[in-house]
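Read the structure below first, then the notes.
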Amino acid sequence: DLDTRMIEEYDPEEVWNYEIGFKMDAWDRRLRMNVAAFYTDYEDRQLTTVRINPDTGRIAGALINAESSSIAGIEIETVVLPIDNLQLTANLTFNDGDIDDYDDVRILGLPESGEPGEGCQQADIGGGTLVQACDIDRSDENLPRLPEQIVFLSAQSTWQTDFGTIIPMLSWSKRYNVDNCFDRSSCLSGVYAVDQEDLSARLTWLSRDESWRVTAYGNNLTDERYVTGGTPLVDVTETAGTIYNLPRTYGVEAAYTW
């Protein structure tokens, strides 16, 4: 807080979750489907924003509370065994997030008059750079880091051999319109709103007594590139530092259980 010079505190989240759905087994238990509709009511949801640190005078990320917000959605999970030793999975999720009450402080450059606007405080963030911190209602924004839709598909097989079990798996997922914004301008501009797609594969060997496990894997096989976060200072500096996902990666894991 610029008046008291105290770092602002934030409250724990309180959540009520309501869910209704059904579970179904069919086709001689080769098909399983779970469907659920849910509504999640948040009080004091913790969100990341940008504030002026009262100790250092510098702009930094901070956690604050959105007094009231909610998520409504539906989840569909399906597993099918079309033939022996083959499992297919298809999951689908739809989310609709809404912020009902979210008060924040927006950090902007001073207007041409050199005086802070109404309801704003002037602050020096170092090197003689003056900005204004203005109270703002951000309840018209979407919930950050909440994908509007999630699709997951996978195929896994199991082969029993004389020297152990071989388990190949291929999976694909896509998360639609994930917004990793912080400050007001970055959330309105859509700079950090992206689709996140991943194609991965794994090949696992289990010893006959299942004490040894060796897995070769490849993640992000199509080498997709998308923003996963960064340092949004779009309000005050009109810049947006970005962090990208990992590129195509390969590896081998080994484990022994005794």
Side-chain angles (χ1 to χ4, degrees), residues 10-24 31-50 61-80 88-106 135-154 171-200 220 224-230 232 234-235 240 242-245:
Y10 56 91
D11 297 323
E13 294 181 343
E14 295 184 14
V15 183
W16 283 93
N17 188 65
Y18 307 90
E19 184 173 316
I20 186 172
F22 70 88
K23 301 178 183 292
M24 179 186 72
L31 171 64
R32 170 166 293 180
M33 177 178 289
N34 300 329
V35 179
F38 62 89
Y39 179 80
T40 305
D41 186 14
Y42 284 89
E43 182 178 335
D44 291 325
R45 183 183 179 95
Q46 295 171 2
L47 296 177
T48 306
T49 187
V50 176
L63 276 177
I64 64 171
N65 297 109
E67 185 172 332
S68 178
S69 62
S70 61
I71 302 173
I74 185 169
E75 296 178 337
I76 303 172
E77 302 176 348
T78 305
V79 177
V80 60
L88 304 178
T89 301
N91 298 338
L92 183 61
T93 302
F94 296 96
N95 293 309
D96 182 18
D98 187 41
I99 300 177
D100 301 311
D101 193 348
Y102 181 25
D103 294 325
D104 195 10
V105 173
R106 188 178 189 184
D135 293 335
I136 187 173
D137 178 4
R138 299 182 63 182
S139 59
D140 59 339
E141 298 177 16
N142 293 323
L143 273 175
R145 295 175 292 282
L146 176 70
E148 291 184 355
Q149 184 178 340
I150 305 172
V151 181
F152 175 81
L153 303 172
S154 72
S171 66
W172 174 83
S173 65
K174 189 165 185 178
R175 297 157 58 89
Y176 292 84
N177 198 22
V178 184
D179 200 338
N180 291 288
C181 62
F182 285 21
D183 65 3
R184 173 70 169 176
S185 289
S186 67
C187 289
L188 293 181
S189 67
V191 172
Y192 292 89
V194 296
D195 294 341
Q196 301 176 345
E197 186 174 2
D198 178 75
L199 177 66
S200 297
N220 191 16
E224 298 289 331
R225 307 299 287 155
Y226 51 80
V227 174
T228 59
V234 183
D235 270 337
T242 52
I243 299 174
Y244 285 81
N245 65 311

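A pairwise comparison of heavy atoms in Ser171 and Phe152 identifies CB-CE1, 4.0 Å as the closest pair. Between Ile76 and Thr78, the closest heavy-atom pair is CG2-OG1, 4.1 Å. Minimum interatomic distance between Asp103 and Ile64 (heavy atoms only, all atoms of both residues): O-CD1, 4.0 Å. Between Val234 and Ser186 the shortest heavy-atom distance is CG2-CB, 3.7 Å. Ile74 and Phe38 get closest at one heavy-atom pair: N-CE2, 3.6 Å. Taking every heavy atom of both residues into account, Pro147 and Asn95 meet most closely at O-ND2, 3.0 Å.
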(request) Dump the intermediate steps for side-chain hydrogen bond (donor to acceptor under 3.5 Å, both in side chains) on Ser70 and Asp41, then the final yes or no. (result) CA-CA 5 Å; Ser70 61; Asp41 186 14; 5.7 Å; no
(message) Set out, in order, the CA-CA distance, both residues' side-chain angles and the distance that settles side-chain contact (heavy atoms from CB on, under 4.5 Å) for Ile150 and Lys174, then state yes or no.
(response) CA-CA 6 Å; Ile150 305 172; Lys174 189 165 185 178; over 6 Å; no
(request) Show the numbers, then the answer: is there a side-chain contact (heavy atoms from CB on, under 4.5 Å) between Asp179 and Asn142? (result) CA-CA 8 Å; Asp179 200 338; Asn142 293 323; 5.8 Å; no
(message) Test side-chain contact (heavy atoms from CB on, under 4.5 Å) on Thr48 and Leu63; report intermediate values, then the result.
(response) CA-CA 5 Å; Thr48 306; Leu63 276 177; 3.9 Å; yes
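Arg145 CZ to Cys181 SG: the interatomic distance, rounded to the nearest 0.5 Å, is 7.5 Å. Distance check: Ile243 CD1 to Tyr192 OH gives 8.5 Å after rounding to the nearest 0.5 Å. Distance CD1/Ile136 to OH/Tyr102: 10.0 Å, rounded to 0.5 Å. One finds the CZ atom of Arg175 at 5.5 Å from the CD atom of Gln196 (value rounded to the nearest 0.5 Å). Leu153 CG to Ser173 OG: the interatomic distance, rounded to the nearest 0.5 Å, is 9.0 Å. The CG atom of Asp98 sits 13.5 Å away from atom OH of Tyr42, with the distance rounded to the nearest 0.5 Å.
Using a 3.5 Å distance cut-off with no hydrogens or angles, the side chains of Asp101 and Ser139 do not pair a donor with an acceptor. Side-chain contact of Ser200 with Asp198: a donor-acceptor pair under 3.5 Å is present, judged by distance alone.
Gln46 places a side-chain heavy atom less than 4.5 Å from the side chain of Asn65. Phe94 is listed as a side-chain neighbour of Leu92, based on a closest heavy-atom distance under 4.5 Å. Glu197 has its side chain out of reach of Asp195: every pair of non-hydrogen atoms, C-beta onward, lies at least 4.5 Å apart. Side-chain contact between Asp44 and Tyr10 is absent, with no heavy atoms from C-beta onward closer than 4.5 Å. Contact of the Asn177 side chain with the Leu146 side chain is not registered, since no non-hydrogen atoms from C-beta on lie closer than 4.5 Å. Side chains of Phe22 and Val35 form a contact here, defined as non-hydrogen atoms less than 4.5 Å apart. Considering only heavy atoms from C-beta on, Asp104 stays 4.5 Å or farther from Glu141 through its side chain. Under the 4.5 Å side-chain criterion, counting only non-hydrogen atoms from C-beta, Asn220 is not in contact with Leu199.
With a 6.0 Å radius and a threshold of 12 heavy atoms from other residues, nucleotides or ligands, Tyr244 has its OH atom at or below the threshold.
Comment: Asp235 engages Arg106 in a salt bridge, judged by a side-chain N to carboxylate O separation of less than 4.0 angstrom. The pair Asp183-Arg138 fails the salt-bridge criterion, with no side-chain N (NZ, NE, NH1 or NH2) lying under 4.0 Å from an Asp/Glu carboxylate O. Here Arg32 does not pair with Glu77 in a salt bridge; the nearest charged N to carboxylate O distance is not below 4.0 Å.
Distance alone, capped at 3.5 Å, is enough to place a donor-acceptor pair between the Arg225 side chain and the Asn245 backbone.
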